[in-house]
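Notes to accompany the following structure.
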Number of protein chains: 2
Amino acid sequence: MKSERKIFADYLVKKNLRETPQRGMILDAFLKIEEHTTAEQLYDIVKKRDNTIGQATVYRVLKLICDAGLAREVDFGDGVMRYEHCYNHPHHDHLVCRSCGKTVEVVDLVIEELQKRVAESFGFELTDHEMYLYGICGNCRHKK
Amino acid sequence: MKSERKIFADYLVKKNLRETPQRGMILDAFLKIEEHTTAEQLYDIVKKRDNTIGQATVYRVLKLICDAGLAREVDFGDGVMRYEHCYNHPHHDHLVCRSCGKTVEVVDLVIEELQKRVAESFGFELTDHEMYLYGICGNCRHKK
DNA sequence: TTGCTTCTGATAATCATTATCATTTATGCG
DNA sequence: CGCATAAATGATAATGATTATCAGAAGCAA
Ligand SMILES: [Mn+2]
Ligand SMILES: [Mn+2]
Ligand SMILES: [Zn+2]
Ligand SMILES: [Zn+2]
């Protein structure tokens with residue numbers, strides 16, 4: 001938490017951007033949330049502290065947070081972008097229940113290695129990837 | 001080609017929907033395209049044959065074609081949905097060049113198997129998945 | 001202060017997709 | 001064949017998340 005603020009401050013300095021109350025408040029609110037969050041949800045939270053804040057600013061700061069390496073976009077394909085923590089949250093993929101929407105963060109090093117190899121076999125140098133596994137969770141299966 | 005039309009016709013009958021000139025024309029145009037195509041691109045093609053056709057109809061028929069199992073949505077994350085053939089085109093994932101946009105269709109049975117296992121290890125029954133590998137293709141690498 | 005630049009919030013614009021609705025077209029029946 | 005009913009179409013408006021615009025506020029440098 002301390003170091004995230006430091007990273008963000010350093011990023012602003014490096015980019016010749018200013019540290020403002022809004023930027024600080026939005027960053028703090030984002031860091032407190034452990035779930036995957038939309039700009040709208042973050043806006044609602046920040047508004048409670050300062051109801052003069054504009055949602056355009058939330059979108060703008062969220063972009064800065066991503067650029068600073070503290071957040072990552074997650075796209076579950078429902079038309080709304082979500083954001084998750086990046087710092088001290090190493091790369092992972094997502095397992096999503098088609099029935100209740102529950103998500104689990106997963107990582108499989110063998111898959112990651114094979115992805116690299118597949119890319120290379122076609123002459124590509126892999127830079128990143130997206131993998132979403134969809135299914136029915138145990139809970140939902142037992143209900144039916 | 002013949003069998004795709006048959007599948008679509010059967011699907012319409014099963015769902016009590018009518019076979020119309022527009023539906024036939026849009027399906028034919030879609031089947032002729034081998035690339036990943038947007039609704040807009042398909043609309044432009046169909047319009048050349050019948051400039052009275054509406055793009056809402058293209059969207060509607062594209063949805064029918066998907067439901068009939070002849071097309072699949074592909075989301076490269078650029079805000080536009082693309083469609084690809086499904087019939088006689090077994091499941092595959094996509095390798096996309098971040099520089100030139102070139103796409104390669106790939107499939108790795110080991111990865112597919114591991115995906116199933118990862119899901120099961122969390123109590124999920126895997127129904128489907130999305131995997132996009134992003135990188136720099138050989139061409140683009142040599143240019144730089 | 002005084003300029004100058006950056007930030008912000010309100011608002012309008014964008015853009016792919018969906019919804020609405022009046023009109024057209026197909027179908028089933030007497 | 002008319003007529004009633006239902007489905008399909010095309011034009012158009014609406015949607016909704018995100019982005020652009022722009023006038024005013026706030027910070028900074030001299
Ligand atoms: Mn996550
Ligand atoms: Mn494909
Ligand atoms: Zn579930
Ligand atoms: Zn390339």
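Chain identifiers are assigned alphabetically (A, B, ...) following the order of the sequence lines, protein sequences preceding nucleic acid strands; residue numbering begins at 1 within each chain.
For residues 57-70 of chain A, proximity to DNA chain C is found at A:Thr57, A:Arg60, defined as any non-hydrogen atom under 4.0 angstrom from a strand atom. Residues from residues 42-54 of chain A that place a heavy atom under 4.0 Å from any atom of DNA chain C, listed by number: A:Thr52, A:Ile53, A:Gly54.
Both B:Ala56 and B:Asn16 lie near DNA chain D, and the one whose nearest nucleotide falls closer to the 5' end is B:Asn16.
A 4.0 Å heavy-atom criterion places the boundary nucleotides of DNA chain C facing chain B at C:dA16 to C:dT27, written 5' to 3'.
B:Asp75 meets the side-chain hydrogen bond (donor to acceptor under 3.5 Å, both in side chains) test with no other residue; sequence neighbours excluded. Applying the side-chain hydrogen bond (donor to acceptor under 3.5 Å, both in side chains) rule to B:His36 yields the partners B:Glu84, B:His94, B:Glu105; only residues at least two apart in sequence or on another chain are considered. Contacts of B:Glu125 classified as salt bridge (Lys or Arg N to Asp or Glu O under 4.0 Å), with partners at least two apart in sequence or in another chain: A:Arg141. Taking the ring-ring contact (aromatic ring centres under 6.0 Å, His included) definition, one finds that A:Phe30 meets it with A:His85, sequence neighbours left out. Checked against side-chain hydrogen bond (donor to acceptor under 3.5 Å, both in side chains), A:Arg98 has the following partners two or more places apart in sequence or in another chain: B:Asp128. Residues that satisfy the ring-ring contact (aromatic ring centres under 6.0 Å, His included) test with A:Tyr132, not counting sequence neighbours, are A:Phe76.
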Which pairs would a plain distance check flag for residues 59-70 of chain A, meaning a side-chain donor or acceptor within less than 3.5 Å of a matching protein atom at least two apart in sequence or in another chain?
| from | atom 1 | to | atom 2 | distance (Å) |
| --- | --- | --- | --- | --- |
| A:Arg60 | NH2 | A:Thr57 | OG1 | 3.4 |

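Salt bridge status for A:Glu113 with A:Arg117: present, with a side-chain N to carboxylate O gap under 4.0 Å. Between B:Asp10 and B:Lys6 there is a salt bridge, with a side-chain nitrogen of the basic residue lying less than 4.0 Å from a carboxylate oxygen of the acidic one.
When the shell of 6.0 Å around CD of B:Glu120 is examined, it contains more than 12 heavy atoms from other residues, nucleotides or ligands.
Between A:Ala39 and A:Val58, the shortest heavy-atom distance links the atoms O-CG1, 3.7 Å.
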Distances for protein N or O near nucleotides 26-30 of chain D N or O, under 3.5 Å:
none

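Hydrophobic side-chain contacts under 4.5 Å tie B:Val13 to no other Ile, Leu, Val, Met, Phe, Trp or Tyr residue.
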